[in-house]
Amino acid sequence: MESMGEVLRSMNNPALRQRSRDLEQNLLSHPLVKQLQAEHPELDEPRLRLHLSRLYQYVQESRNCANCPGLDNCPNDFQGHYSKLTVETVNGSPDLYERKTACNLKVAQDNQDSIRKRIRSFYVDERVLNGGYDEMDIMGKDPRRASAVNKIFDYITGVKEDGLTSQGIYLHGTFGTGKTFLMCYLLHELAVAGYSGVIVYMPDFIEDLKSIMLDGQKLKETVDTLKNCDLLIFDDIGAENLNPWARDHVLGAILNYRMNRKPTFYTSNYPLDGLEKHLSFTSKDGEEVYKGQRLMDRIAPFVDVIPLHGENQRGTNR
């Protein structure tokens with residue numbers, strides 16, 4: 001390491017001083033600095049010389065952004081941000097100020113992060129939520145899905161234009177036709193519009209309730225989350241192994257709260273009448289028709305029923 005004396009001696013080196021002057025002059029004659037001067041003629045050269053480090057940072061980061069290697073490899077001091085210079089007058093004198101400003105890539109990433117924060121999933125593969133959506137691909141994958149897909153698009157457009165109502169969607173069809181994917185698309189698009197949402201994979205959720213019921217606080221937090229989110233999706237309802245407590249005290253309580261308040265969505269292999277039969281039967285008490293009907297009174301009036309036709313897409317690219 002150089003001693004202080006060596007540093008001071010180097011400063012007296014004529015070649016080094018000349019190189020420093022050349023760098024300074026190159027910086028002051030850089031097109032970006034000249035443009036700054038043209039926009040702010042009140043900034044004279046002596047004032048600019050007081051802020052050479054800021055000007056250097058400004059020029060360097062502008063060069064980095066012009067040759068952007070991507071957000072993950074951003075070479076700027078503050079990743080995803082660049083130096084923006086402004087001129088402000090303080091006590092009658094103009095001065096130069098530097099602010100770190102998020103670039104377009106950083107803004108886009110932050111927007112995506114905020115969207116993800118509005119969406120929660122219980123037992124649904126996060127890759128389905130974050131895999132990206134292409135409307136042309138959704139429409140063109142299987143022409144038999146077109147009617148259902150158009151209704152999903154119409155619902156999303158209606159909410160964006162007029163806001164939420166208590167009316168949800170009951171999307172039913174055979175295995176692998178894309179029901180979960182379409183509901184995740186709906187959830188994503190409305191999260192972009194600012195709505196919060198939760199998607200619940202029913203078979204795993206009902207099974208997990210057996211352990212959650214022993215933790216009263218966790219149960220309350222889970223039920224409150226499902227009650228209060230803007231959009232709630234029960235995915236693959238009808239595939240779960242119901243017990244009376246889960247049906248009547250958890251599912252029933254959630255639906256009772258949401259009806260006439262917020263929309264609930266469902267995907268199922270059953271049409272509505274098949275779901276009613278499923279909800280009427282539990283592993284403990286057998287068939288209880290009136291309890292199934294009671295739950296259906298909180299589902300059927302508050303959904304638009306959409307059948308989804310098409311080929312089984314599982315094992316293929318969407």
Side-chain angles (χ1 to χ4, degrees), residues 1-2 4 6-8 10-11 13 16-121 126-127 129-134 160 184-185 187-198 229-230:
M1 181 179 293
E2 292 180 294
M4 182 59 72
E6 289 171 332
V7 172
L8 291 174
S10 70
M11 293 175 63
N13 185 313
L16 187 62
R17 289 201 303 272
Q18 182 60 46
R19 181 171 179 271
S20 177
R21 285 194 293 269
D22 290 343
L23 288 172
E24 182 179 306
Q25 193 56 45
N26 287 338
L27 180 61
L28 292 173
S29 61
H30 191 280
L32 287 174
V33 177
K34 287 296 185 183
Q35 181 181 346
L36 184 69
Q37 282 184 291
E39 293 172 355
H40 299 280
E42 68 273 23
L43 278 178
D44 54 21
E45 191 165 299
R47 177 69 62 176
L48 286 175
R49 289 181 184 277
L50 295 175
H51 299 289
L52 290 176
S53 61
R54 287 179 180 172
L55 292 174
Y56 177 80
Q57 189 83 3
Y58 172 59
V59 169
Q60 182 63 38
E61 293 192 351
S62 296
R63 185 182 297 117
N64 291 341
C65 290
N67 300 282
C68 177
L71 193 57
D72 291 341
N73 298 307
C74 176
N76 290 349
D77 286 350
F78 189 14
Q79 190 179 57
H81 295 74
Y82 60 90
S83 293
K84 184 175 183 179
L85 298 182
T86 59
V87 177
E88 299 176 17
T89 300
V90 179
N91 297 325
S93 299
D95 213 346
L96 198 62
Y97 292 86
E98 177 190 20
R99 290 181 174 85
K100 293 298 184 182
T101 304
C103 70
N104 290 336
L105 292 180
K106 178 62 175 172
V107 170
Q109 184 188 70
D110 289 346
N111 286 339
Q112 285 301 312
D113 288 343
S114 67
I115 289 168
R116 292 188 183 99
K117 288 178 182 177
R118 295 188 194 112
I119 300 174
R120 289 190 61 184
S121 66
E126 294 286 346
R127 290 173 297 180
L129 290 168
N130 301 325
Y133 302 95
D134 184 319
K160 288 181 177 179
C184 287
Y185 171 77
L187 197 59
H188 178 271
E189 289 300 297
L190 293 181
V192 171
Y195 295 101
S196 63
V198 176
C229 60
D230 295 328

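Residues: numbered from 1 along the sequence shown.
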State, yes or no, whether a side-chain contact exists between Pro75 and Pro69 at a heavy-atom distance under 4.5 Å. yes

Side chains of Arg54 and Ser83: do they bring a donor and an acceptor to under 3.5 Å? no

Check against side chain to side chain contact (heavy atoms under 4.5 Å, CB included), Leu105 and Cys68: CA-CA 10 Å; Leu105 292 180; Cys68 177; 3.7 Å; yes

Can you tell whether the side chains of Glu61 and Lys100 come within less than 4.0 Å, N to carboxylate O? yes

Pairing of Lys160 and Glu189 as salt bridge, 4.0 angstrom limit: yes

Separation between CG (Asn64) and CD (Gln57), nearest 0.5 Å, reads 9.0 Å

Using every non-hydrogen atom in the two residues, find where Leu187 and Gly197 come nearest and quote the distance to one decimal. CD1-CA, 3.6 Å

Side chain to side chain contact (heavy atoms under 4.5 Å, CB included) between Leu48 and Gln37: does it pass, once the steps are laid out? CA-CA 9 Å; Leu48 286 175; Gln37 282 184 291; 3.4 Å; yes

Can you measure from CD (Gln60) to CG (Asp77) and round to the nearest 0.5 angstrom? 9.5 Å

Would you compute the distance between atom CD of Glu88 and atom CG of Asp95 and round it to the nearest 0.5 angstrom? 9.0 Å

Looking only at heavy atoms, what is the nearest atom pair of Leu96 and Leu43, with distance? CD1-CD1, 3.9 Å

Apply side chain to side chain contact (heavy atoms under 4.5 Å, CB included) to the pair Glu42 and Val87, showing each step before the final yes or no. CA-CA 9 Å; Glu42 68 273 23; Val87 177; 3.6 Å; yes

Nearest-0.5 Å distance that lies between atom NZ in Lys84 and atom SG in Cys103: 13.5 Å

To check you understand the geometry: which heavy-atom pair defines the closest contact between Tyr195 and Asp230, and what is its length? CA-OD2, 3.4 Å

Under the criterion side chain to side chain contact (heavy atoms under 4.5 Å, CB included), I'd like the reasoning laid out for Leu28 against Leu52: C-alpha separation, chi angles, the key distance, then a yes or no. CA-CA 8 Å; Leu28 292 173; Leu52 290 176; 4.1 Å; yes

Tell me whether the count of non-hydrogen atoms from other residues, nucleotides or ligands lying under 6.0 Å of CG in Asn26 goes above 12. yes

Separation of Arg99 CZ from Leu85 CG (nearest 0.5 Å): 10.0 Å

Are Lys34 and Glu45 within salt-bridge range, i.e. N to O under 4.0 Å? no

Looking at NZ of Lys106 and NE2 of His81, how far apart are the two atoms once the value is rounded to the nearest 0.5 Å? 6.0 Å

Of all heavy-atom pairs linking Arg47 and Pro94, the shortest is NE-O, 3.4 Å

